[in-house]
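Throughout, a chain's letter reflects where its sequence line sits, starting with A, and its residues are numbered from 1.
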Protein chains: 2
Amino acid sequence: MEVLTTEQKIIEAARKIFTQKGYAATKTRDIAEEAGINLALLNYYFGSKENLFKQIVNEELEDLFGLMSPFLSDSNTTLEEKIRILVKDYTKLLTENEDLPIFVLNELKNNGNIFNHILQQARTMSQPILDNQLKNNGYTISISDFIMNIVGLTIFPFIAKSLLIASGILKEEEFPQFIRNREKLIPEWIFAILKQSRQ
Amino acid sequence: MEVLTTEQKIIEAARKIFTQKGYAATKTRDIAEEAGINLALLNYYFGSKENLFKQIVNEELEDLFGLMSPFLSDSNTTLEEKIRILVKDYTKLLTENEDLPIFVLNELKNNGNIFNHILQQARTMSQPILDNQLKNNGYTISISDFIMNIVGLTIFPFIAKSLLIASGILKEEEFPQFIRNREKLIPEWIFAILKQSRQ
DNA sequence: GTCTATAACCTGATAGAC
DNA sequence: GTCTATCAGGTTATAGAC
């Protein structure tokens with residue numbers, strides 16, 4: 001049983017509502033209510049809605065990219081291990097936080113410039129090492145396609161969940177099993193794509 | 001040189017701004033200005049912001065799913081042809097309308113129930129025929145995974161474009177070539193995945 | 001059908017008491 | 001630190017003239 005400070009209560013409430021509804025559709029009054037505090041307190045602690053929002057987005061970006069960068073640049077981890085770990089970690093993160101990807105991608109579209117300092121970390125290190133690992137194995141796929149395929153196959157079902165369900169392709173209660181199943185299959189699919197690029 | 005009626009001018013303006021910014025961030029004043037008419041006219045023709053929005057979303061959903069359903073249920077088209085056509089058509093649609101997918105998926109998340117009547121069309125026909133085509137070729141992949149993989153590999157780069165660019169993986173001017181290249185590669189990747197599922 | 005002017009409402013932010 | 005009350009500004013929608 002944790003006891004949260006007022007500041008933490010506001011942050012948790014803001015994270016929940018911002019990620020659910022996006023920036024524009026979120027009302028500071030809703031955040032205050034969700035946090036169980038008064039509207040004035042939100043401004044006392046964070047100054048403005050925009051300020052609070054930036055803090056949330058930065059944390060979410062850390063979640064989403066902190067996973068990727070550190071070990072992708074590790075040359076002692078094999079390509080196969082990296083694929084399996086990446087799929088597994090993202091599946092876990094998104095299962096616990098289903099609104100995260102569409103929120104981040106949506107807000108990034110509108111305010112891409114704000115978050116450069118975080119994204120710059122990810123960009124630097126991993127690229128040359130991954131590139132070498134691909135080439136050394138004779139795979140001719142580009143690094144952009146390689147990453148896009150892994151991330152796309154893993155993340156897209158979460159983004160398209162409402163669509164899958166609304167279109168009747170999948171039932172709500174089947175979704176968790178669908179995801180667990182893909183968690184095993186996606187690495188095999190990625191290997192199949194890689195092998196085909198070597199032919 | 002087409003001459004648009006006032007109603008059409010409003011719809012075109014609304015489509016542009018709604019898909020760019022989403023429902024909550026869009027101001028009816030901006031739509032009126034973009035359409036070159038007065039704010040009062042918007043309400044004269046469409047009654048309310050929400051009404052106009054629903055009409056736009058319905059049209060966008062038609063764009064996005066009208067492509068899929070009719071020919072997927074055609075049993076005279078081979079599986080390979082379906083894959084190539086689907087990837088090609090979606091790539092064309094999204095290239096001309098880059099904001100479409102994230103807009104639809106985002107608004108669907110918040111109002112999924114409103115649009116069921118359109119999505120129900122897509123759900124009925126195509127599923128059993130596709131299922132047969134997969135099974136007859138000995139492919140053991142599920143139809144949900146099959147569709148999710150094609151659509152995910154094709155659409156995800158458009159959704160993640162801002163991320164790709166902000167992270168430095170790709171430059172803005174390289175994006176069109178990146179997409180044209182994937183348009184050729186994705187069907188081959190899908191075939192590789194299918195073959196692997198037969199082993 | 002199209003406009004101007006304005007009503008009615010909502011939202012972010014602050015002043016000031018406790 | 002936390003609250004109530006309120007301001008200031010913006011947004012949707014409508015009334016009414018042309």
Side-chain angles (χ1 to χ4, degrees), chain A residues 1-60 99 103 106-107 109-111 113-115, chain B residues 1-60 99 103 106-107 109-111 113-115:
Chain A
M1 190 64 183
E2 275 185 72
V3 177
L4 297 177
T5 66
T6 300
E7 199 174 353
Q8 288 170 328
K9 279 193 283 187
I10 296 173
I11 287 193
E12 288 314 310
R15 187 198 319 285
K16 178 178 171 185
I17 299 189
F18 274 136
T19 52
Q20 251 173 34
K21 305 206 203 185
Y23 180 77
T26 294
K27 293 153 203 166
T28 50
R29 280 175 169 76
D30 294 343
I31 296 177
E33 193 190 358
E34 173 78 26
I37 53 103
N38 190 275
L39 170 60
L41 266 186
L42 190 151
N43 288 293
Y44 173 77
Y45 278 102
F46 295 94
S48 71
K49 176 186 177 183
E50 194 183 340
N51 226 39
L52 176 55
F53 177 73
K54 279 186 195 169
Q55 185 161 336
I56 300 293
V57 174
N58 277 335
E59 289 180 24
E60 306 288 82
D99 290 328
F103 166 73
N106 202 33
E107 302 298 342
K109 194 191 73 182
N110 301 325
N111 314 291
N113 45 327
I114 302 181
F115 315 115
Chain B
M1 191 62 183
E2 276 186 73
V3 178
L4 297 178
T5 66
T6 301
E7 200 175 352
Q8 289 170 327
K9 280 193 282 187
I10 296 173
I11 287 192
E12 288 313 309
R15 187 199 319 285
K16 178 177 170 186
I17 298 189
F18 274 137
T19 52
Q20 252 174 35
K21 305 203 200 183
Y23 180 78
T26 294
K27 291 153 202 168
T28 49
R29 276 175 171 78
D30 295 342
I31 297 177
E33 193 190 359
E34 172 79 25
I37 54 104
N38 190 275
L39 170 60
L41 268 184
L42 190 150
N43 288 292
Y44 173 78
Y45 278 102
F46 295 94
S48 72
K49 175 186 177 183
E50 194 183 341
N51 226 39
L52 176 57
F53 177 72
K54 281 185 193 168
Q55 185 161 332
I56 299 294
V57 176
N58 278 334
E59 289 180 25
E60 305 288 82
D99 290 328
F103 167 71
N106 203 33
E107 302 297 342
K109 195 190 70 180
N110 301 325
N111 314 289
N113 44 327
I114 303 181
F115 314 113

Trace of the ring pair (Phe, Tyr, Trp, His ring centres under 6.0 Å) decision for A:F18 with A:F53:
CA-CA 8 Å; A:F18 274 136; A:F53 177 73; 5.0 Å; yes
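Note on B:T26: only backbone sugar-phosphate atoms sit closer than 4.0 angstrom, heavy atoms only; bases stay farther off. Contacts of A:L39 with the nucleic acid, taken as non-hydrogen atoms under 4.0 Å apart, include base atoms. Heavy atoms of A:Y44 sit under 4.0 angstrom from at least one base atom.
Taking atom CD on B:Q8 and atom P on C:dG1, their separation rounds to 13 Å, with Å as the unit. Rounded to an integer number of Å, the gap from B:F46 CZ to C:dG1 C1' is 14 Å. Atom OH of B:Y23 is separated from atom P of D:dT11 by 14 Å (rounded to the nearest Å). Put simply, CG on A:D30 is 8 Å from P on C:dG12, counting in whole angstrom units. Atom CD1 of B:I10 is separated from atom P of C:dT2 by 8 Å (rounded to the nearest Å). B:K21 places its NZ atom 13 Å from the C1' atom of D:dT11, with the value rounded to the nearest Å. Regarding B:K9, its NZ atom lies at a distance of 13 Å from the P atom of C:dG1, rounded to whole Å. For the pair B:L42 CG and D:dA13 C1', the computed distance is 10 Å after rounding to whole Å.
Between A:E33 and A:R29 there is no salt bridge, since no side-chain N of the basic residue sits under 4.0 Å from a carboxylate O of the acidic one. By the 4.0 Å N-to-carboxylate-O rule, A:R15 lies close enough to A:E12 to be salt-bridged with it.
Considering only the side chain of A:I37, D:dC3 comes nearest among D:dC3, C:dG12, D:dT11. Nearest to the side-chain atoms of B:N38 among the listed nucleotides C:dT2, C:dC3, D:dC3 stands C:dC3. With distances taken from any side-chain atom of A:T6 to the nucleotides C:dA13, D:dT2, C:dC3, the minimum falls on D:dT2. Relative to the side chain of A:N43, the nucleotides C:dA13, C:dT2, C:dG12 differ in distance, and C:dA13 lies closest. When distances run from any side-chain atom of B:L41 to the nucleotides C:dG1, D:dG1, D:dT14, the shortest one goes to C:dG1.
Looking only at distances, no side-chain donor or acceptor of A:K21 sits under 3.5 Å from a matching main-chain atom of A:K27.
Annotation for B:Q8: atom CD counts as buried by contact number, over 12 foreign heavy atoms lying within 6.0 Å.
Taking side-chain N and O atoms only, A:T28 has a distance below 4.0 Å to OP1 or OP2 of C:dG12.
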